[in-house]
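Contents: one structure, followed by commentary.
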Amino acid sequence: MPSSTLTRTRLATVLVAVAALVPALVAVSPARAADGGRPGISKKHFGTLAGGRKIDVYTLRNASGMRVKILTYGGILQSIEVPDSEGKRANVTLGFDNLSDYVKKSPYFGCITGRYANRIAKGRFTLDGKTYRLATNDGPNHLHGGTKGFDKRVWKADPFTRGGSVGLALTYTSPDGEEGYPGTLRTRVVYTLTGDNRIRMDYRATTSRPTVVNLTNHAYFNLRGEGNGRILGHELQINASRYTPVDKTLIPTGKIARLGGTPLDFREPTAIGDRVNSKNQQIVRGGGYDHNYVLDGRGLRTAATVVEPDSGRVLEVITDQPGLQFYSGNFLDGTLRGTGGRLYPKRSGFALESQHFPDSPNHANFPSTVLRPGDVYRTTTIYAFSTVS
Ligand code: GLA
């Protein structure tokens with residue numbers, strides 16, 4: 001069983017031993033001696049947008065030494081530092097060390113993705129008899145909210161602390177018609193870093209007119225540490241027995257197919273690299289894994305678990321959503337230089353995006369993504385970190 005408790009217990013033993021030898025260390029710097037010290041949150045300037053708007057980076061710390069950085073630009077998870085099985089911390093999410101790269105070249109690193117995460121066929125959908133047109137920014141299709149989606153908006157940030165947790169509430173009001181979507185959408189995303197190494201994301205939205213909404217976070221992970229090689233050895237397990245097969249442009253055909261017997265089946269923990277180059281038509285179309293898994297079960301449940309054998313780091317994705325896009329970083333091509341100064345080669349990060357199914361507005365048999373005035377869109381996803389030895 002993954003266990004951060006185990007690591008903490010070991011760490012505590014070491015710290016007690018060190019404290020006994022060097023009592024002054026504890027007295028001088030209790031926060032450092034206790035690794036994470038008290039939970040806290042601080043703010044710094046990160047960069048300035050071309051129009052002059054200033055972007056902040058908030059750093060959230062918990063008592064077990066985990067540290068998370070969030071930008072007010074795109075609500076981006078810029079850095080996630082978690083311990084390995086020896087207690088050594090590394091940043092496990094892909095990102096940049098400067099604002100300009102996020103603005104100009106980010107393949108959605110860590111961002112809040114909306115209004116509609118994933119694809120809408122031909123940038124078109126019909127709601128209550130009216131057809132809406134959206135930007136086609138991914139070949140013939142609409143992707144991740146359009147040319148200036150939620151990933152490129154400036155969010156208002158309100159930090160808070162609650163018991164052993166620290167958090168950041170981000171709000172953004174998307175005006176009626178923005179990126180072609182109907183309705184003024186009032187959006188709130190609350191990031192909470194808990195004492196047990198979880199990043200909890202609570203999403204809420206309301207609208208002034210009927211609309212469609214599908215929000216997610218698009219963090220790319222490499223549990224070896226960002227910039228530290230490929231993710232092919234990560235062992236992935238997804239609690240899904242079905243998926244939505246796609247056409248050549250990665251739009252669901254509308255079928256909900258069984259995974260059994262295909263190289264897309266991750267019900268048993270399997271290394272991502274084992275079958276990623278398979279000649280299976282779906283994998284060829286995705287250029288690797290880039291598919292929506294239809295999650296088994298309902299309510300807040302574990303959707304996927306990833307174990308990185310060398311570091312012992314474990315990531316569990318817990319969500320109340322019906323779907324999970326597993327993307328194996330196929331479009332990374334070695335041209336982006338990440339936070340730590342190293343280039344990101346193909347498949348050096350993966351994403352597990354909790355979501356409603358792609359192109360739901362054009363598929364009556366998929367769970368609905370329609371939001372009407374008076375209704376509240378609410379969803380929760382958790383990235384839970386731990387270790388195995
Ligand atoms: C999602 C999509 C991928 C790709 C990435 C961003 O995961 O499904 O096809 O567009 O976002 O590069």
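Remember, predicted model here, so these are calculated numbers, not experimental data. Index from 1, following the sequence. What you see below is based on every heavy atom in this structure, not just the backbone, and it leaves out hydrogens, waters and symmetry mates. Counting convention: from 1, in listed order, for ligands and their atoms alike.
Against a heavy-atom cut-off of under 4.0 Å, Tyr108 is close to the following atoms of ligand 1: 6 (C). Counting atoms of ligand 1 from 1 in the listed order, those under 4.0 Å from a heavy atom of Glu353 are 1 (C), 7 (O). For ligand 1 and Phe331, the ligand atoms under 4.0 Å from any heavy atom of the residue are 4 (C), 9 (O). Near Arg119, the atoms of ligand 1 lying under 4.0 angstrom from a non-hydrogen atom of the residue are 2 (C), 3 (C), 8 (O), 9 (O), 10 (O).
Looking at atom 12 (O) of ligand 1, its nearest protein heavy atom turns out to be Tyr220 OH, 3.5 Å. The nearest protein atom to atom 9 (O) of ligand 1, hydrogens excluded, is given as Asp290 OD2, 2.4 Å; this is a heavy-atom distance.
Under a cutoff of 6.0 Å and an axis angle of 45°, Arg258 and Tyr243 do not form a cation-pi pair. At least one test fails for Lys104 against the ring of Tyr102: distance under 6.0 Å to the centre or angle within 45° of the axis.
Hydrophobic clustering keeps Tyr172 apart from Tyr73 (ILVMFWY residues linked when any side-chain heavy atoms are closer than 4.5 Å, directly or through intermediates).
Checking each of Thr184, Thr206, Thr207 against Pro373 for a side-chain contact (heavy atoms from CB on, under 4.5 Å) leaves exactly one that passes, namely Thr207.
Below 3.5 Å of separation, one finds an N or O of His218 facing an N or O of ligand 1.
Only side-chain heavy atoms of Leu143 come within less than 4.0 Å of ligand 1; its backbone N, CA, C and O stay farther off.
In this structure, Tyr344 has its ring center closer than 6.0 angstrom to the ring center of Phe109.
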Inset, instruction - Determine, step by step, whether Asp56 and Thr72 satisfy the side-chain hydrogen bond (donor to acceptor under 3.5 Å, both in side chains) criterion, reporting the C-alpha distance in whole Å, the side-chain angles of both residues, the deciding distance to 0.1 Å, and the verdict. - result: CA-CA 6 Å; Asp56 295 320; Thr72 51; 4.9 Å; no
